[in-house]
Participant: 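Here it is: the structure, laid out below.
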Amino acid sequence: MTATGSPPEARRAVIAGLGIAVPPTVVTNHDLAARIDTSDEWVRSRTGISERRIAEPGLATVDLAVEAGAEALKSAGGGEIDAVVLATMTADRTCPASAPEVAARLGLSGTAAFDVNSACSGFVYALASASGLIAAGIFDRLLVIGADTMSRVVDPTDRGTAVLFGDGAGAIVLRNARPGDIGQVGPFDFGSDGERSDLLAIAGGGSRQPATAESVAAGAHYLKMDGKEVYRQAVSRMTDSSRRVLDAAGIGIDDVDWLVPHQANARIMTAVADRLGIPPERCVSNVARYGNTTGASIPLALAEGDLRPGQRILLTSFGAGLSWGSALLVWPELNAP
């Protein structure tokens with residue numbers, strides 16, 4: 001049989017809502033200097049971080065994810081949600097995944113829900129997963145959340161990591177675009193290098209090194225990082241990945257209105273922007289106030305950037321794995337939550 005008529009228009013994803021959540025407790029560099037060998041000047045000159053939000057006992061990743069998700073749903077004007085995708089490396093429990101609990105607490109019990117663990121790259125991976133589910137016609141509307149409580153996995157006495165990380169959550173509602181909608185998500189670029197996985201890792205607590213009294217006493221359940229090599233890898237991978245996304249989109253760097261990088265530290269973000277040729281005033285940064293919030297990093301930055309409908313936004317990220325990912329967005333019209 002010969003088909004007649006025009007083919008159906010390809011489905012595309014567009015952001016419909018945006019929300020964030022951060023713990024109320026602020027920990028400044030001066031607070032850290034009172035208990036570890038550091039200073040405000042040392043931290044700010046090397047990382048650009050002045051303070052971070054830290055979750056008090058009893059406040060966990062799911063709690064922050066629920067708060068951010070509720071704000072994103074309100075911003076999107078409510079409506080049905082077909083699936084919840086949670087990007088986190090600090091799930092409340094090793095098993096089960098945290099996304100189903102987030103869904104249930106948001107009144108979405110019975111909805112498909114799953115976690116994505118790609119550390120600091122997690123939100124971009126989750127965004128791509130949700131966009132693909134829309135493009136394939138499987139779902140029409142998804143809630144995508146990045147949330148982490150890094151303070152629970154960072155050694156509070158380790159100057160190399162304790163000064164970098166904070167806690168928080170950010171969420172978006174992603175839906176199938178309607179005719180005439182401003183905004184789109186993609187293309188994407190991803191990569192990994194498992195041969196360098198030990199550069200940024202938590203050795204204890206998994207199947208290779210299960211939790212024991214000895215492993216806990218040895219600090220095996222804290223995040224360890226080779227800072228110098230991670231810096232080198234992050235700058236190189238984020239820059240190259242960003243260029244591949246622009247090539248896939250058929251545009252140049254002058255066509256990008258904003259760079260929204262993973263908020264690892266100011267030196268990494270500046271180096272990536274410099275290599276790409278993006279001036280500082282076109283790079284969104286809130287790392288000074290929140291530090292590195294891992295999966296929450298990019299959505300927190302999106303919420304605080306001066307983004308306007310129709311502008312092109314370049315996202316790029318790098319994290320443990322090693323993993324990296326970049327994406328291009330055309331910013332939509334959003335309602336305030």
Side-chain angles (χ1 to χ4, degrees), residues 29 32 38 41-52 87 89 118-125 146 148 150 154 158-168 170 189-193 196-201 223-246 253 256 258-302 304-305 313-327:
N29 295 340
L32 293 178
T38 191
E41 189 281 330
W42 188 92
V43 177
R44 284 189 295 105
S45 65
R46 287 162 176 79
T47 69
I49 299 169
S50 297
E51 60 187 41
R52 69 287 296 145
M89 63 168 282
S118 292
C120 298
S121 301
F123 182 78
V124 180
Y125 275 78
D148 275 298
M150 294 301 296
V154 170
D158 177 14
R159 182 174 70 168
T161 56
V163 303
L164 291 175
F165 293 96
D167 304 333
D189 176 79
F190 297 103
S192 71
D193 183 0
R196 293 181 170 88
S197 61
D198 288 342
L199 293 177
L200 185 59
L223 181 72
K224 305 296 183 185
M225 180 176 68
D226 180 338
K228 290 183 178 179
E229 184 59 19
V230 166
Y231 172 89
R232 190 183 72 83
Q233 289 287 328
V235 172
S236 173
R237 302 300 193 179
M238 291 167 73
T239 302
D240 291 346
S241 180
S242 295
R243 287 172 176 157
R244 286 192 293 270
V245 161
L246 296 180
I253 200 65
V256 173
W258 293 99
L259 172 65
V260 181
H262 163 55
Q263 308 286 300
N265 70 55
R267 293 174 66 190
I268 289 176
M269 293 189 291
T270 298
V272 171
D274 285 347
R275 290 194 181 190
L276 290 172
I278 294 179
E281 61 270 18
R282 286 166 51 202
C283 181
V284 176
S285 174
N286 61 9
V287 72
R289 293 188 297 114
Y290 296 126
N292 182 345
T293 55
T294 314
S297 163
I298 284 179
L300 276 171
L302 288 173
E304 299 205 333
I313 318 298
L314 175 61
L315 313 181
T316 187
S317 60
F318 175 89
L322 300 175
S323 64
W324 54 89
S326 300

Participant: Testing Met238, Arg267, Arg237 for side chain to side chain contact (heavy atoms under 4.5 Å, CB included) with Val272, which one passes?
Facilitator: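 Result for side chain to side chain contact (heavy atoms under 4.5 Å, CB included) with Val272: Met238.
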Participant: Enumerate the residue pairs fulfilling side chain to side chain donor-acceptor pair (under 3.5 Å) with a member in residues 314-327, sequence neighbours excluded, ordered by first and then second residue.
Facilitator: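 Found Ser121-Ser323, Ser241-Ser326, Ser242-Thr316, Thr316-Ser326.
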Participant: Which heavy-atom pair separates Ala201 from Asp198 by the least distance, and what is that distance?
Facilitator: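 So the two residues come closest at CB-CA, 4.4 Å.
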Participant: Could you state the interatomic distance from CG (Asn286) to CG (Leu300), rounded to the nearest 0.5 Å?
Facilitator: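 Result: 6.0 Å between the selected atoms.
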Participant: Is the shortest heavy-atom distance from the side chain of Gln233 to the side chain of Leu322 under 4.5 Å?
Facilitator: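 Yes. Closest side-chain heavy atoms under 4.5 Å.
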Participant: Working to the nearest 0.5 angstrom, can you tell me the gap between Arg275 CZ and Thr270 OG1?
Facilitator: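 Going from CZ on Arg275 over to OG1 on Thr270, the span is 12.5 Å.
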Participant: Do Ile49 and Leu164 have side-chain heavy atoms sitting under 4.5 Å apart?
Facilitator: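 Answer yes - side chains close enough.
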Participant: Tell me the closest heavy-atom pair linking Gly319 and Cys120, and the distance in Å.
Facilitator: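 Residues Gly319 and Cys120, closest heavy atoms: CA-CB, 3.8 Å.
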Participant: For a 4.5 angstrom cut-off between non-hydrogen side-chain atoms, does Val235 reach Phe318?
Facilitator: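 Sidechains of Phe318 and Val235: no contact.
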Participant: Among Leu302, Ile278, Val284, find the residue that satisfies the side chain to side chain contact (heavy atoms under 4.5 Å, CB included) test when tested with Trp258.
Facilitator: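 Exactly one option meets the side chain to side chain contact (heavy atoms under 4.5 Å, CB included) with Trp258, and it is Val284.
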Participant: State, with a plain yes or no, whether a side-chain heavy atom of Pro261 is found less than 4.5 Å away from one of Cys283.
Facilitator: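 Yes, close enough: below the 4.5 Å cut-off.
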Participant: May I ask you to test the Met89-Met150 pair for a side-chain heavy-atom distance under 4.5 Å?
Facilitator: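 Side chain of Met89 against side chain of Met150, heavy atoms only: contact under 4.5 Å found.
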Participant: State the CZ-CD1 distance between Arg243 and Ile253, to the nearest 0.5 angstrom.
Facilitator: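 Taking CZ in Arg243 and CD1 in Ile253, the distance rounds to 8.5 Å.
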Participant: Between Ala327 and Val124, which heavy-atom pair has the shortest distance, and what is it?
Facilitator: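 Result for this residue pair: CB-CG1, 4.3 Å.
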Participant: To the nearest 0.5 angstrom, please state how far the CZ atom of Arg232 sits from the CG atom of Leu199.
Facilitator: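 Reported value, rounded in 0.5 Å steps: 9.0 Å.
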Participant: Could you check if a side-chain atom of Gln263 sits within less than 4.5 angstrom of a side-chain atom of Tyr290, using non-hydrogen atoms only?
Facilitator: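 With C-beta onward as the side chain, the pair stays apart.
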Participant: For residues Ala87 and Asp148, report the shortest heavy-atom separation together with the two atoms involved.
Facilitator: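 For Ala87 and Asp148, the tightest heavy-atom pair comes out as O-OD2, 4.4 Å.
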Participant: If you round to the nearest 0.5 Å, how far is NE2 of His262 from CG of Leu315?
Facilitator: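 Output value for this atom pair is 12.5 Å.
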Participant: What's the separation between atom NZ in Lys224 and atom CG in Asp158, rounded to the nearest 0.5 Å?
Facilitator: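 Result: 6.0 Å between the selected atoms.
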Participant: What are the two closest heavy atoms between Gly160 and Met225, and how far apart are they?
Facilitator: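 Of all heavy-atom pairs spanning Gly160 and Met225, the closest is O-CE, 3.7 Å.
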Participant: Any side-chain heavy-atom pair from Phe165 and Leu223 closer than 4.5 angstrom?
Facilitator: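 Counting from C-beta outward, Phe165 and Leu223 do come under 4.5 Å.
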Participant: Donor-acceptor check, side chain of Arg46 to backbone of Asn265, threshold 3.5 angstrom: yes or no?
Facilitator: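 Absent.
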Participant: Any non-hydrogen side-chain atom of Leu314 less than 4.5 Å from a side-chain atom of Leu276?
Facilitator: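 Answer yes - side chains close enough.
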Participant: List the steps, then state whether side-chain contact (heavy atoms from CB on, under 4.5 Å) holds for Val287 with Arg52.
Facilitator: CA-CA 8 Å; Val287 72; Arg52 69 287 296 145; over 6 Å; no
